[in-house]
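Starting off with a structure, shown below.
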There are 2 protein chains.
Amino acid sequence: MTMEPQVDPMLDRTTYREVMAEILHRITDGPWGPGTLLPGEIELAEEFGCSRTTMNRALREVTEQGFLDRRRKAGTRVRMAPLRQARFEMPLVRAEIEKAGASYRYALLARDSLPAPDWLRARMRLPAGARVLHLVCVHFADGIAFQLEDRWINARALPQVLKQDFTATGPNEWLVATVPFSEVELSFMACAADAMAVDQLGHAPGDPVFTVERATWWQSEAITLVRLSHRKGYRMTTRY
Amino acid sequence: MTMEPQVDPMLDRTTYREVMAEILHRITDGPWGPGTLLPGEIELAEEFGCSRTTMNRALREVTEQGFLDRRRKAGTRVRMAPLRQARFEMPLVRAEIEKAGASYRYALLARDSLPAPDWLRARMRLPAGARVLHLVCVHFADGIAFQLEDRWINARALPQVLKQDFTATGPNEWLVATVPFSEVELSFMACAADAMAVDQLGHAPGDPVFTVERATWWQSEAITLVRLSHRKGYRMTTRY
DNA sequence: ATGACTATTATGTCTACACATAAGGAGCGC
DNA sequence: GCGCTCCTTATGTGTAGACATAATAGTCAT
């Protein structure tokens, strides 16, 4: 029984990834400078030797990356300035420190179970009388205090948290592995160093401290509120 | 000539947006808790009354939003914790102020054309002897200083900038409309108030000032470096 | 048992086609 | 000129069908 030699029919096909790459190239280093009106999908599909569906997907994804502006009837245009948005990954401190090539150490400073104070109940939309666990910990990079973590965890939503002993690993890593979140509020700000920041991070009183506050909920139930104070001179940087 | 009554065939169709909404609902408020293994695409498509293509797109987009984890053969699983990434839109100050319902006013404080100082050349990878335009401006919300802008623009890359008179509109709006960028470095930090911040933003000397620094390049050529200092108590917040 | 091959399966992607929808633009009445 | 309708056009989205690919699970020989 003889077989016809079969060439893989999909092997030569232009994929939407290839199309994307070429489009991005034409935008950033090629003839499609800012403001250029691109040919229509059908025309481009013919030029690239793919279906309109594939071209549509490629253009859609390049648009999502912020380089194009598409409007029905008006066509596809190269943005004057790529969409002004920054994506931050919020890494675990541990990962951040180890990525920088420093050794990581963690210490628990305080641990306290108590009814949620009023300001916290208001901030996190907690019901009256909810119990919370309050933790204070420090993260060290090469033995030097890097980040001070002041965390509140809703023990009503997570009763197991009260049995956790956070002396070995931080609450962040435990939470990430244990509970999800559906809603996050994230703030960046500059605060004046308080007593805790002075003691633990080596700031002078009143020094500017870069602080991140992060509140998370799951299915409308408060999970945790954390304030992360950083060592002197810390910058949060992203490139894109 | 009689016509058959034609029902719009697409009107009843399940759209990928509807599917996405239902999937997200099932994840965040429904039976698909973290770790759940979802049924296969074909099965889901049947249940939702749509094609596998549509179901695939819905699942793909929910995955992009960080709620699902998909692997060939292994299937689709709800993530334990939604992907930890934050997206910041970087609005024009004007838009930010007006969105908050305040009136916007702009003022140019200083304007100076000079050869790039060494620190700036190093910071922006500028060639020796490059001329830059240095601008200082303030953005007011309801008459109160909101943001202080300290900007350097590479006049070698943008010779037209020297002819621009930035008394009426800020350099940001001009740049956005004039020149694109392909590379951005964005930093957030807490600085101590300097003389300029004291004079213009009403800080006390040494007060913590939330500062954003943003450097942009286009095709490896430096465009602009800007430091934005914010009024007392400013928080940059995002929800997702 | 163990390592190598094979079958199976769920997702990934491409095609061709059709209809939907937003919005620019022409033409018209005033 | 101004505002209105209507046509056209480019993108947006849905369908059925096919093949691609990665990864698991099972089979077989050693």
Side-chain angles (χ1 to χ4, degrees), chain A residues 3-24 27 32 35-79 83, chain B residues 3-24 27 32 35-79 83:
Chain A
M3 298 277 281
E4 289 293 308
Q6 300 228 345
V7 261
D8 201 329
M10 210 144 171
L11 232 64
D12 300 339
R13 300 251 175 100
T14 315
T15 69
Y16 81 96
R17 286 169 188 282
E18 290 168 342
V19 176
M20 274 180 70
E22 173 59 19
I23 289 171
L24 278 168
I27 292 172
W32 292 346
T36 307
L37 179 66
L38 268 58
E41 288 186 342
I42 299 169
E43 212 174 317
L44 283 173
E46 274 162 18
E47 188 205 324
F48 280 75
C50 65
S51 70
R52 185 168 85 90
T53 315
T54 298
M55 182 52 69
N56 180 278
R57 176 151 185 202
L59 289 168
R60 181 163 23 99
E61 301 222 348
V62 175
T63 304
E64 256 166 38
Q65 286 182 32
F67 289 92
L68 294 174
D69 195 17
R70 313 194 76 193
R71 273 185 358 252
R72 279 166 159 147
K73 168 72 184 174
T76 303
R77 206 171 271 281
V78 180
R79 291 189 103 98
L83 200 61
Chain B
M3 300 276 282
E4 289 292 307
Q6 299 227 346
V7 261
D8 202 329
M10 210 144 171
L11 232 62
D12 300 339
R13 299 256 173 98
T14 315
T15 69
Y16 81 95
R17 287 170 186 281
E18 289 168 341
V19 175
M20 275 181 68
E22 174 59 19
I23 288 171
L24 277 168
I27 292 172
W32 293 347
T36 307
L37 179 67
L38 269 58
E41 288 186 340
I42 299 169
E43 213 175 317
L44 283 171
E46 274 162 19
E47 189 207 322
F48 280 74
C50 64
S51 68
R52 185 169 85 91
T53 315
T54 298
M55 182 53 67
N56 180 278
R57 175 150 187 201
L59 289 168
R60 180 163 24 99
E61 301 222 348
V62 174
T63 304
E64 257 167 37
Q65 286 182 31
F67 288 93
L68 294 174
D69 195 19
R70 314 194 75 193
R71 268 177 14 243
R72 280 168 158 143
K73 169 72 185 176
T76 304
R77 206 171 272 281
V78 180
R79 290 189 103 98
L83 203 61

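Here is how names work: the chains are called A, B, and so on, in the same order as the sequence lines, proteins then strands, and each is numbered from 1. Note that the coordinates shown come from a computational prediction; the quantities given were computed from them, not determined experimentally. All values below were derived from every heavy atom in this structure, side-chain atoms included, with hydrogens, water molecules and symmetry-related copies excluded.
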Practice task
For DNA chain D, find the residues of residues 43-50 of chain B with a heavy-atom distance under 4.0 Å and give them by number; none if there aren't any.
Solution key: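 Result for residues 43-50 of chain B: B/C50, sorted by number.
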Exercise for the section: Could you work out which one of D/dT15, C/dT15, D/dT13 sits closest to the side chain of B/R17? Expected result: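 The answer is D/dT13, which lies nearest to the side chain.
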Handout entry: Options D/dA16, C/dT13, C/dA16, nucleotide nearest the side-chain atoms of B/R52
Key =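 That would be C/dT13.
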Handout entry: Nearest-Å distance for atom pair CD/P, residues B/E61 and C/dT11
Key =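 Spelled out: CD on B/E61 to P on C/dT11 is 17 Å.
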Practice task
Determine the sole option in B/T53, B/N56, B/T54 for which the side chain to side chain donor-acceptor pair (under 3.5 Å) test with B/E41 is passed.
Solution key: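 Of the listed residues B/T53, B/N56, B/T54, the side chain to side chain donor-acceptor pair (under 3.5 Å) partner of B/E41 is B/N56.
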Handout entry: Check ion pair A/E64-A/R60 (N to O, under 4.0 angstrom)
Key =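 A salt bridge is absent here (no side-chain N lies under 4.0 Å from a carboxylate O).
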Exercise for the section: For A/R70 and for B/S51, locate the closest nucleotide of DNA chain D by heavy-atom distance; then report the residue assigned to the nucleotide nearer the 5' terminus. Expected result: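 This one resolves to A/R70.
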Problem - Base D/dT13 paired with A/R57 side chain (donor-acceptor, <3.5 Å) - result: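 No.
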Handout entry: Non-hydrogen side-chain atoms of A/R70 and A/V62 separated by less than 4.5 Å
Key =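 With C-beta onward as the side chain, the pair stays apart.
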Handout entry: Interatomic distance, A/Y16 OH vs D/dT21 C1' [rounded to whole Å]
Key =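 From A/Y16 OH to D/dT21 C1': 14 Å.
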Exercise for the section: Give a yes or no answer on whether the side chain of B/R77 reaches the backbone of B/G35 with a donor-acceptor pair at less than 3.5 Å. Expected result: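 Such a contact is found between B/R77 side chain and B/G35 backbone.
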Practice task
Rounded off to whole Å, could you give me the CD-to-C1' distance for the B/E41 and D/dT15 pair?
Solution key: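 Value for this atom pair: 15 Å.
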Problem - Gap between atoms CG and P, on A/L68 and D/dA10 respectively (whole Å) - result: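 Value for this atom pair: 17 Å.
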Practice task
Indicate whether OP1 or OP2 belonging to C/dA16 is found under 4.0 Å from a side-chain N or O atom of A/T53.
Solution key: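 False: A/T53 side-chain N/O out of range (4.0 Å or more) of C/dA16 OP1/OP2.
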Problem - Distance in Å, A/L68 CG paired with A/L24 CG, rounded so as to fall on 0.5 Å steps - result: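 The CG atom of A/L68 sits 8.0 Å away from the CG atom of A/L24.
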Problem - Options C/dT15, C/dT11, D/dA16, nucleotide nearest the side-chain atoms of B/T76 - result: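 Selected nucleotide (nearest to the side chain): C/dT11.
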Exercise for the section: Provide, to the nearest angstrom, the distance between the CZ atom belonging to B/R60 and the C1' atom belonging to C/dA10. Expected result: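 Distance, rounded to whole Å: 15 Å.
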Problem - Proximity to the side chain of B/R72 - top-ranked nucleotide from C/dT11, D/dT11, C/dT8 - result: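 Side chain of B/R72 sits closest to C/dT11.
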Handout entry: Gap separating the CD atom of A/E61 from the CZ atom of A/R17, nearest 0.5 angstrom
Key =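 Answer for the CD-CZ pair, A/E61 versus A/R17, is 7.5 Å.
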Practice task
Identify which nucleotide among D/dA16, C/dA16, D/dT13 has an atom closest to any side-chain atom of A/N56, counting heavy atoms from C-beta outward.
Solution key: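 Closest nucleotide to the A/N56 side chain: D/dT13.
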Practice task
Name the residue closer to the 5' end of DNA chain C, choosing between B/G40 and A/M55 according to the nucleotide with the nearest heavy atom.
Solution key: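 Result of the comparison: B/G40.
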Exercise for the section: Write down the distance between CZ (A/R71) and C1' (C/dG25), rounded to a whole number of angstrom. Expected result: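 Taking CZ of A/R71 and C1' of C/dG25, I get 14 Å after rounding.
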Practice task
When you get a sec, tell me which of D/dA23, D/dT13, C/dC14 is the closest nucleotide to the side chain of B/K73?
Solution key: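 The answer is D/dA23, which lies nearest to the side chain.
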Exercise for the section: Nearest-nucleotide wise, let me know which of B/I42 and A/A74 is further upstream toward the 5' end of DNA chain C. Expected result: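 Comparing both residues, the 5'-ward one is B/I42.
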Problem - Atom pair CG (A/L44) and CZ (A/R52), whose distance is rounded to the nearest 0.5 Å - result: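 Rounded to the nearest 0.5 Å, the CG-CZ separation comes to 11.5 Å.
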